[in-house]
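A short write-up of the structure that comes next.
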Amino acid sequence: MRIVLGVGGGIAAYKAASLLRLFTEAGHSVQVVPTEASTRFVGIATWEALSGHPVSTTVFDAVDTVNHVRLGHEADLIVVAPATADLLAKAAAGLAADLLTNTLLMARGPVFFAPAMHTEMWNHPATQANVATLRARGAVVMDPATGRLTGKDSGPGRLPEPEDIFAAALAAARTDSVPAGPSGLLSGKTVTVTAGGTREPLDPVRFLGNRSSGKQGAAIAEAALAEGARVRFIAAHLEVPVPRGVELVQVETALELREAVHEAAHSTDVLVMSAAVADFRPGENAETKIKKRDDGSDPVITLVRNPDILAETVQNRAETGAGPALIVGFAAETGDGSGSVLEYGRRKLERKGCDLLVLNQVGRSLVFGQDSTEVRILSPHDDPQAEPAALTGSKAEIARHLMERIAAEFSGSSRGRDGSIPVPPG
Ligand code: CTP
C-alpha cells in the first residue's frame, strides 16, 4: 500500500518515527509529509533516511512532479500523526497553504488522524467541532490516549501508541477497501495466498532467488478480496505492491514461508500456493561475507532440499483431518523430451495431492513478470481423456476465473469432493 504519513508540529512527532517503521516493515511504501512546525521537533533528514524518499513541507519543491496533487491522488491511505489542534482545524476548514494540507484536500483514499494536544485544546468546542466535521466527511479520527502530557499535566490528549495507530489505521483502510458484501462468492471464507519468490541466503549480502514477480499472487489476493473473502497474504520477495486490504505476513526464505503456512493452515478455508518456493537452499548461510580467496580457488556451494510445503500441507490435512478445505497448487512447466506441459502438470497434481492445480507454461520470457498468461486448471477428478480448457487473459482475469472455480468447488456444483474434509455450503 502507498501511505502518506503526515506529521504535525507537536512534541509527539518523534513517535511518528516508530509508526513509520511499523508501516515500512509491514511492506508498505511511506511518503512522509511533515508540517514546517513539526520539523522543529524532528528534522527532514530523519524522515528521508527512515522512509527512503525525499521529503518536503512545501508545494514549491519537486514542482515538476506536481507533488501537491500526486501525493493525495496516489495514496491508498493518509495517516496524520500527531494531528495537532491547528492541523485538525486547517483540515476541517479545507485550508491548503502547505504540502500536507494540499495532500489532504486531494485525498482519494481513506484519511486517518491520530490527535495529540493538551486536554484543554482537545476538549475545546472548536476542536470538537472540527473533529465532528472531519468524521462526518468520512475521515477516521482516533480518540487521543489519556496519560502524561508534555508538561506536568496529564489527561486525555496523549498520542496513542504507534502500534495502536498502526493497527487502527490499517483497519480503517481495510474497511474502506473491501467492496464485496454478503453477495461476494467467497464472503465468510478465509483465503490464504502465498506470493512472490523466496530468497535463500548464502551470506549477509547474497541469496539464491528466482524470477517470480508476485503479480499472479497479488491478483489472486485482490480477486479473493473482491469476492468478499478475508485474505491472508504470505509474501516472499515481490516486485508489485502488496494489495490493499490483505493481512500481510512477510517472509523471505522457504522455511519462513513454511512456518507462516503452517500457522495459517488451521484457520483458513482455502490455501493458494502461488509463491515460487525455492526447492533448494544453500547448506550453509555464512555469517560474514564470502570473500574471494587469495589462492584463487572457488567456493563450493552445497544445496540442500527445502521441504515441499504444498505436499506437506496436503499430507497434514489427510493425517489430522484439519486444514484448508481447498488446497490449490501451481505448476510452472516448460515440457521437454520426456513429457508435455500437460503431462508434467498431471503428474505434479498427483504427486502433490492438492485439490486444484493451476498449470502454467513457462520459459524465459513467458509468465514471469508478464501481465498476460495462459493457464489450465487441473483437478484429480478430471476425465483423463479430455483436455482441460485453456484460460487466457490478464493475471487479474485468470485470478477471477480461479475464484469462480474455487467458489464452485465449495458449492459442490463442479464435483463432489471425495475426501473427508467438510465443505460448507456457499
Ligand atoms: N511448492 C512448495 N514447496 C516447495 C516447492 C514448491 O510448496 N518446496 C509449491 C509451489 O508453491 C507451487 C507448487 O509447489 O504451488 C509447484 O511448484 P514447482 O516449483 O512448479 O514444482 P516442484 O515441486 O518444484 O517440481 P519440479 O521442480 O520437479 O518441477
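Just follow the structure's listing: the first ligand is 1, and inside any ligand the first atom is 1.
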For ligand 1, which is the ligand I care about here, please tell me if [X] has any N or O atom under 3.5 Å from one of the ligand's N or O atoms.
X    : value
M273 : yes
S274 : no
N306 : no

For [atom], grab the closest protein heavy atom and report residue, atom and distance to one decimal in Å.
atom                    : result
atom 7 (O) of ligand 1  : L310 N, 2.8 Å
atom 5 (C) of ligand 1  : D279 OD1, 3.2 Å
atom 17 (O) of ligand 1 : F330 O, 3.6 Å
atom 26 (P) of ligand 1 : K348 NZ, 3.7 Å
atom 23 (O) of ligand 1 : K352 NZ, 2.6 Å
atom 3 (N) of ligand 1  : I309 N, 3.0 Å

May I ask you to say whether [X] pairs ionically with [Y], meaning some side-chain N is under 4.0 Å from a carboxylate O?
X    : Y    : result
R317 : D355 : yes
R70  : D64  : no
R376 : E387 : yes
E74  : R108 : no
R346 : E350 : no

Which of the numbered atoms in ligand 1 are below 4.0 angstrom from a heavy atom of [X]?
X    : value
R351 : 23 (O), 25 (O), 28 (O)
A275 : 10 (C), 11 (O)
P307 : 3 (N), 4 (C), 8 (N)
G329 : 15 (O)

Item to check | Contact check, R305 vs ligand 1, heavy-atom distance below 4.0 Å | outcome: no
Checklist entry - Is ligand 1 less than 4.0 angstrom away from at least one heavy atom of A254? => result no
Quick check: does any side chain N or O of [X] sit under 3.5 Å from a backbone N or O of [Y], one acting as donor and the other as acceptor?
X    : Y    : result
D383 : Q385 : yes
N130 : L88  : no
Q216 : K395 : yes

Checklist entry - Relative to the ring of H28, is the ring of F23 parallel (under 30°), tilted (30 to 60°) or perpendicular (over 60°)? => result perpendicular
Checklist entry - Does a side chain donor of either T35 or D98 reach within less than 3.5 Å of an acceptor in the other side chain? => result no
Checklist entry - With respect to atom 2 (C) of ligand 1, which of D308, V328, V362 exhibits the smallest heavy-atom separation? => result D308
Checklist entry - So which bit of A276 gets within less than 4.0 Å of ligand 1, heavy atoms only: side chain, backbone, both or neither? => result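 Neither; nothing of A276 gets under 4.0 Å from ligand 1.
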